[in-house]
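Numbers restart at 1 for each chain; the letters A, B, ... are given by sequence-line order, proteins then strands. Computation of the quantities below employed the complete heavy-atom set of this structure, encompassing side-chain atoms and omitting hydrogens, waters and symmetry-equivalent molecules.
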Protein chains: 2
Amino acid sequence: MSTVPTATISRLVTYLRILTQLEAQGIKKTSSEHLADEAQVSAFQVRKDLAYFGRFGTRGAGYTVPTLRRELRRILGLTRSWSAAIVGMGRLGEAIAHYPNFGAYDFLLKGAFDIDPHKVGREVAGLTVQHVDELPRVVREKGIDIGFITVPHEAAQDAADALVRAGVKGILNFAPTVIDVPKEIHVEPVDFLAGLKRLSFYILNPQLREEVA
Amino acid sequence: MSTVPTATISRLVTYLRILTQLEAQGIKKTSSEHLADEAQVSAFQVRKDLAYFGRFGTRGAGYTVPTLRRELRRILGLTRSWSAAIVGMGRLGEAIAHYPNFGAYDFLLKGAFDIDPHKVGREVAGLTVQHVDELPRVVREKGIDIGFITVPHEAAQDAADALVRAGVKGILNFAPTVIDVPKEIHVEPVDFLAGLKRLSFYILNPQLREEVA
DNA sequence: ATATGTGAATTGATTCACAGCG
DNA sequence: CGCTGTGAATCAATTCACATAT
């Protein structure tokens, strides 16, 4: 268990999603082969990914949906709830803030911030937009763990600096920017422009494609 | 050049972004080391990534910013323009449709679609929302290459099927869903909920982190 | 009988060290 | 002399094959 591939974590998230659907459909049993089909990976891969964390199945029988789902939620840290704040209340920030069922995933949006005085004071998704200067206080008082960056490219590093100073533990970065943060802060990029450019490449070079992250 | 790692393509996109900034700042020369710093990778990695596609530098001197930028745009297929259509005109779809400077990247949004009759007919970002049934005609008439899926999870596979039937060549999938498409169609996932869950894992297991995709 | 769990083999990606060129 | 370009070496991830458990 000393080192787990990043790709494994991404796939665990996918398996969890599939198990959640299966559970909602009332299906009780599954197998590495079924999960592999749904996740578009090999059954070997599913078993190896799970093996990094333990043994969750029954030989000859497969996996019990609720059990495996519970284990994956525990592994991914989704049995507790996480508090988040969003920096950048333009259209993208608003869309993210309104994302339905945030709470259903145990992510609680507890703060919305911007530097633009015209945006400060507005109501968005039940939150009053505050100035970024308030970030350290709000992060402390509300116990915010995660920051979302939804500002334009030029402002992304400043937003990251502000979030790090305020004390968040991780950042979900929607800006098309490689941000520089202390190594103990984890950053997950969510960069749709980059995805669009990769798409351009792969449409023109279909033969050079193996697998998608 | 027979096979190029997916991660290389992602990094080329990053290098291009950095070069674009350098060019905007009027900087004419750079080096693998400088690019590596900005992109948070090693200089070896930069040179190896470029080597998959040719030789773009001058030994002893480094790279010429405008030249390397032009070459990367060519490699990634960004010297032509791409036409896109978006399926799902909820908040996320609207936010994406309004994304500033879409055109600046030579991506042209030429159609907006939904199945909800209440949304059909509305104006969004200069486009009239059309029913998904119109997709095949519009894709054909407007020469649309790329489809964006911004519908909820439950509708994602149907949206993908509609886009594939209409004849798009690639899909940018914002839904939290592994969609099933013919293998010649490339799909790029842009899944922020998955990013959020990975973040949860890495905040709880900081020791298990190596690199971020 | 059947499907998991896992060491070994293979494949792929990154790092290295230095040859090659300006 | 400096920095790129690249084969060789290392390191990591995936695939395989089968022993193992029910």
Side-chain angles (χ1 to χ4, degrees), chain A residues 1-12 14-15 18-19 22 27-65 67-69 71-72 75 198 207-213, chain B residues 1-12 14-15 18-19 22 27-65 67-69 71-72 75 198 207-213:
Chain A
M1 195 201 177
S2 77
T3 174
V4 180
T6 309
T8 289
I9 306 307
S10 294
R11 287 189 298 260
L12 293 183
T14 304
Y15 307 151
I18 295 161
L19 289 161
L22 291 176
I27 295 166
K28 293 279 179 279
K29 306 288 295 178
T30 186
S31 65
S32 57
E33 187 149 343
H34 181 213
L35 290 171
D37 268 12
E38 294 288 324
Q40 297 181 23
V41 299
S42 69
F44 309 128
Q45 186 75 80
V46 172
R47 298 204 297 273
K48 181 63 93 184
D49 286 338
L50 296 175
Y52 285 109
F53 298 95
R55 301 167 191 194
F56 309 108
T58 311
R59 295 179 194 221
Y63 303 94
T64 306
V65 171
T67 308
L68 186 55
R69 175 165 183 266
E71 291 294 326
L72 287 180
I75 291 163
R198 286 193 296 269
Q207 76 288 3
L208 294 184
R209 183 158 60 98
E210 313 112 54
E211 190 99 355
V212 184
Chain B
M1 194 199 172
S2 76
T3 174
V4 179
T6 310
T8 289
I9 306 306
S10 294
R11 287 189 298 261
L12 293 181
T14 303
Y15 306 152
I18 294 162
L19 290 160
L22 291 176
I27 295 167
K28 294 277 179 279
K29 307 287 293 179
T30 187
S31 65
S32 57
E33 188 149 342
H34 180 212
L35 290 171
D37 268 12
E38 294 288 326
Q40 296 181 23
V41 299
S42 69
F44 308 128
Q45 187 75 80
V46 173
R47 298 204 296 273
K48 179 64 89 182
D49 286 339
L50 296 175
Y52 285 109
F53 297 96
R55 301 164 192 199
F56 309 109
T58 313
R59 293 176 196 225
Y63 302 94
T64 306
V65 171
T67 308
L68 185 55
R69 174 164 185 268
E71 291 293 327
L72 286 182
I75 290 163
R198 286 193 295 269
Q207 76 287 2
L208 294 184
R209 184 158 56 100
E210 314 110 55
E211 188 103 357
V212 184

query: Taking side chain as C-beta onward, heavy atoms only, is Leu35(A) less than 4.5 Å from Leu19(A)?
result: yes
- prompt: Would you call His34(B) and Leu22(B) a side-chain contact if the rule is heavy atoms closer than 4.5 Å?
  reply: yes
Please determine whether a side-chain nitrogen or oxygen atom of [X] lies at a distance below 4.0 Å from atom OP1 or OP2 of [N].
X        : N       : result
Gln45(A) : dA13(D) : no
Tyr52(A) : dT14(D) : no
Ser32(B) : dT4(D)  : yes

The side chain of [X] lies closest to which of these nucleotides: [options]?
X        : options                   : result
Ala7(B)  : dT14(C), dT14(D), dC16(D) : dT14(C)
Thr58(A) : dT22(D), dG5(D), dC16(C)  : dT22(D)
Ser42(B) : dT14(D), dT15(C), dT4(C)  : dT15(C)
Arg55(B) : dT4(D), dT6(C), dG5(D)    : dG5(D)
Lys48(A) : dA13(D), dT14(C), dT15(D) : dT15(D)
Phe44(B) : dT14(D), dT15(C), dG5(D)  : dT15(C)

So which atom in [X] and which in [Y] form the shortest heavy-atom distance, rounded to 0.1 Å?
X        : Y        : answer
Leu50(B) : Phe56(B) : O-CE1, 3.4 Å
Gly57(B) : Tyr63(B) : CA-CD2, 3.4 Å
Thr64(A) : Lys29(A) : OG1-NZ, 3.4 Å

Rounded to the Å, how far apart are [X] [atom1] and [N] [atom2]?
X        : N       : atom1 : atom2 : result
Asp49(A) : dT4(C)  : CG    : P     : 13 Å
Ile9(A)  : dA12(D) : CD1   : P     : 16 Å
Gln40(B) : dT14(C) : CD    : C1'   : 18 Å
Arg47(A) : dA17(D) : CZ    : P     : 12 Å
Lys29(B) : dT4(D)  : NZ    : C1'   : 12 Å
Leu50(A) : dA3(C)  : CG    : C1'   : 13 Å
Tyr63(B) : dG22(C) : OH    : P     : 15 Å
Phe56(A) : dA3(C)  : CZ    : C1'   : 17 Å

message: For a quick check, tell me whether the side chain of Arg59(A) and the base of dT20(D) share a donor-acceptor pair closer than 3.5 Å.
response: yes
